[in-house]
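Computed from a predicted model, the values in this text were never measured in an experiment. Note that these values count all heavy atoms, side chains included, but never hydrogens, waters or copies made by symmetry.
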Amino acid sequence: MSMTRQIVTASRLADGRVVFRAPEGWSADIADALVLSAEDAAEAVERAKGEPTRVVGAYAVDVDEAGLPVLGRERIRVFGPTVGHSAGRHPAVEA
């Protein structure tokens with residue numbers, strides 16, 4: 001039986017960017033995300049609620065072995081739009 005692996009995501013209040021709970025706070029790079037057990041992720045979500053001036057809407061997301069979201073909605077939050085010329089993120093927006 002495998003353990004559910006999760007990361008915690010939220011929106012950064014300052015600019016609305018999708019961010020991920022990292023070892024040293026929040027990061028806009030999913031590669032920095034802490035992969036947690038479901039129990040630890042639930043605790044991290046509760047702690048994020050205590051940071052209302054930094055992030056909003058924190059929640060846990062199931063991830064695969066590579067640490068990438070399993071569900072389509074979450075993959076779109078990470079990789080950007082899926083239609084037309086806007087598929088993927090534009091390098092100038094990554095700053």
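The shortest side-chain heavy-atom distance between V8 and L34 does not fall under the 4.5 Å cut-off. Counting only heavy atoms from C-beta outward, the side chains of V63 and L68 never approach each other to under 4.5 Å. At least one side-chain heavy atom of D40 sits less than 4.5 Å from a side-chain heavy atom of E43. Counting heavy atoms from C-beta on, the side chains of P69 and I30 come closer than 4.5 Å. With contacts defined as side-chain heavy-atom distances shorter than 4.5 Å, the pair V78/F20 qualifies. A heavy-atom distance below 4.5 Å is found between the side chains of V19 and V55.
Interatomic distance, L71 CG to D62 CG, rounded to the nearest 0.5 Å: 6.5 Å.
Across every non-hydrogen atom of A58 and A10, the tightest pair is CA-CB, 3.7 Å. Across all non-hydrogen atoms, the minimal contact from A22 to S27 is CB-CB, 4.1 Å.
Remark: R21 is positioned above the aromatic ring of W26, its terminal NZ or CZ atom under 6.0 angstrom from the ring centre and at most 45 degrees off the axis.
Checked by atom type, the side-chain pair T9/R77 shows a donor-acceptor distance below 3.5 Å. With hydrogens and angles left out, the side-chain atoms of Q6 and Y59 include no donor and acceptor closer than 3.5 Å.
Residues V35 and V18 share a single hydrophobic cluster, defined by chaining ILVMFWY side chains whose heavy atoms lie under 4.5 Å apart.
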